[in-house]
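Structure first, then comments.
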Amino acid sequence: MNELYTFTVKNTKGEDVSLADYAGKVLLIVNTATGCGFTPQYTGLQTLYEKYRDRGLEILDFPCNQFANQAPGTDEEIVTFCTGRFGITFPQFSKIDVNGKNESPLYTYLKRQQKGTLGSKIKWNFTKFLVDRKGNVVARFAPTVTPESMEKEIAALL
């Protein structure tokens, strides 16, 4: 089994979710924020999800408040904002840290697999990791890369 599938994360209700539940799917794992200049990317993410979920795409949303406190509020408040403002239907998880001593082990792993312009450190909200159906982290996209511009890479894995 691929190492990615050994991780357990918390959903927005605080319940454990095994990433093994997503084995065989193409994953786009994103650290998000509700008060960021990139927050409108939720629209593009939802569009991709609606277009490709039946072919095996899952988008995993991990809110993160480490960058200029742009994801304030509780998990419940974040879900309410995202579903109300952007109609999000893809899985959202509990708020995490993506850098530093309290970073999520999932993000430690993702950053080891695909380094960015700052080395392994996550630069900002809406950094995206693309994972193939076997659990291999095949690409890392900067926050400035829009969901629409990743569509070709995603479709190729489906």
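Values reported hereafter were calculated over all heavy atoms of this structure, with side chains retained and with hydrogens, waters and symmetry mates removed.
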Backbone N/O of [Y] and side chain of [X]: donor-acceptor pair under 3.5 Å:
X    : Y    : result
N31  : P63  : no
S149 : V145 : no
K25  : V131 : no
Q66  : N99  : yes
E58  : R53  : no
N2   : Y5   : no
K111 : I122 : no

Are [X] and [Y] side-chain neighbours, meaning at least one heavy-atom pair lies under 4.5 Å?
X    : Y    : result
N69  : P72  : no
L60  : V30  : no
M150 : L130 : no
W124 : F38  : yes
T6   : L19  : no
Q41  : K128 : yes

Side chains of residues 151-158: which donor-acceptor partners sit under 3.5 Å, not counting sequence neighbours?
{"residue": "E151", "atom": "OE2", "partner": "K51", "partner atom": "NZ", "Å": "2.5"}
{"residue": "E151", "atom": "OE2", "partner": "Y52", "partner atom": "OH", "Å": "2.6"}

Do the side chains of [X] and [Y] join up, straight or via other hydrophobic residues, at under 4.5 Å, putting them in one cluster?
X   : Y    : result
F67 : I78  : no
I29 : V79  : no
V98 : F141 : yes

Self-check item: Passing option when S94 is tested against D75, N11, T74 for side chain to side chain donor-acceptor pair (under 3.5 Å)
Solution: D75

Quiz item: Can C64 and K95 be said to form a side chain to side chain contact (heavy atoms under 4.5 Å, CB included), step by step?
Solution: CA-CA 5 Å; C64 176; K95 198 185 310 185; 5.6 Å; no

Self-check item: Where C36 and A33 come nearest, the two heavy atoms and their spacing
Solution: CB-CB, 4.0 Å

Quiz item: Closest approach of Q92 and T83, non-hydrogen atoms and distance?
Solution: OE1-CG2, 4.5 Å

Quiz item: Looking at CG of L27 and CG of L57, how far apart are the two atoms once the value is rounded to the nearest 0.5 Å?
Solution: 8.0 Å

Quiz item: Quick one: CG on N136 to CG on L4, what's the gap to the nearest 0.5 Å?
Solution: 9.0 Å

Quiz item: Is there a donor-acceptor contact under 3.5 Å linking the side chains of D61 and T32?
Solution: yes

Quiz prompt | Donor-acceptor pair between T108 and E103 side chains, under 3.5 angstrom | solution = yes

Quiz item: Between E76 and K13, is the closest basic N to carboxylate O distance under 4.0 Å?
Solution: no

Quiz item: Can we say R112 and E3 salt-bridge, meaning some charged N sits less than 4.0 Å from an Asp/Glu carboxylate O?
Solution: yes

Practice problem: Sequence neighbours left out, what passes side chain to side chain contact (heavy atoms under 4.5 Å, CB included) with D21? Give chain and number order. | Solution: V17, S18

Quiz item: Quick one: which of T144, T146, L45 gives a side chain to side chain contact (heavy atoms under 4.5 Å, CB included) with F126?
Solution: L45

Considering residues at least two apart in sequence or located in another chain, which fulfil the side chain to side chain donor-acceptor pair (under 3.5 Å) criterion with [X]?
X    : answer
Q70  : N125
K134 : none
R55  : none

Self-check item: All pairs passing ring pair (Phe, Tyr, Trp, His ring centres under 6.0 Å) where residues 73-103 contributes a residue, at least two apart
Solution: Y42-F86, Y49-F90, F62-F93, F81-F86

Practice problem: Test side chain to side chain contact (heavy atoms under 4.5 Å, CB included) on D97 and S104 and set out the steps. | Solution: CA-CA 6 Å; D97 283 355; S104 162; over 6 Å; no

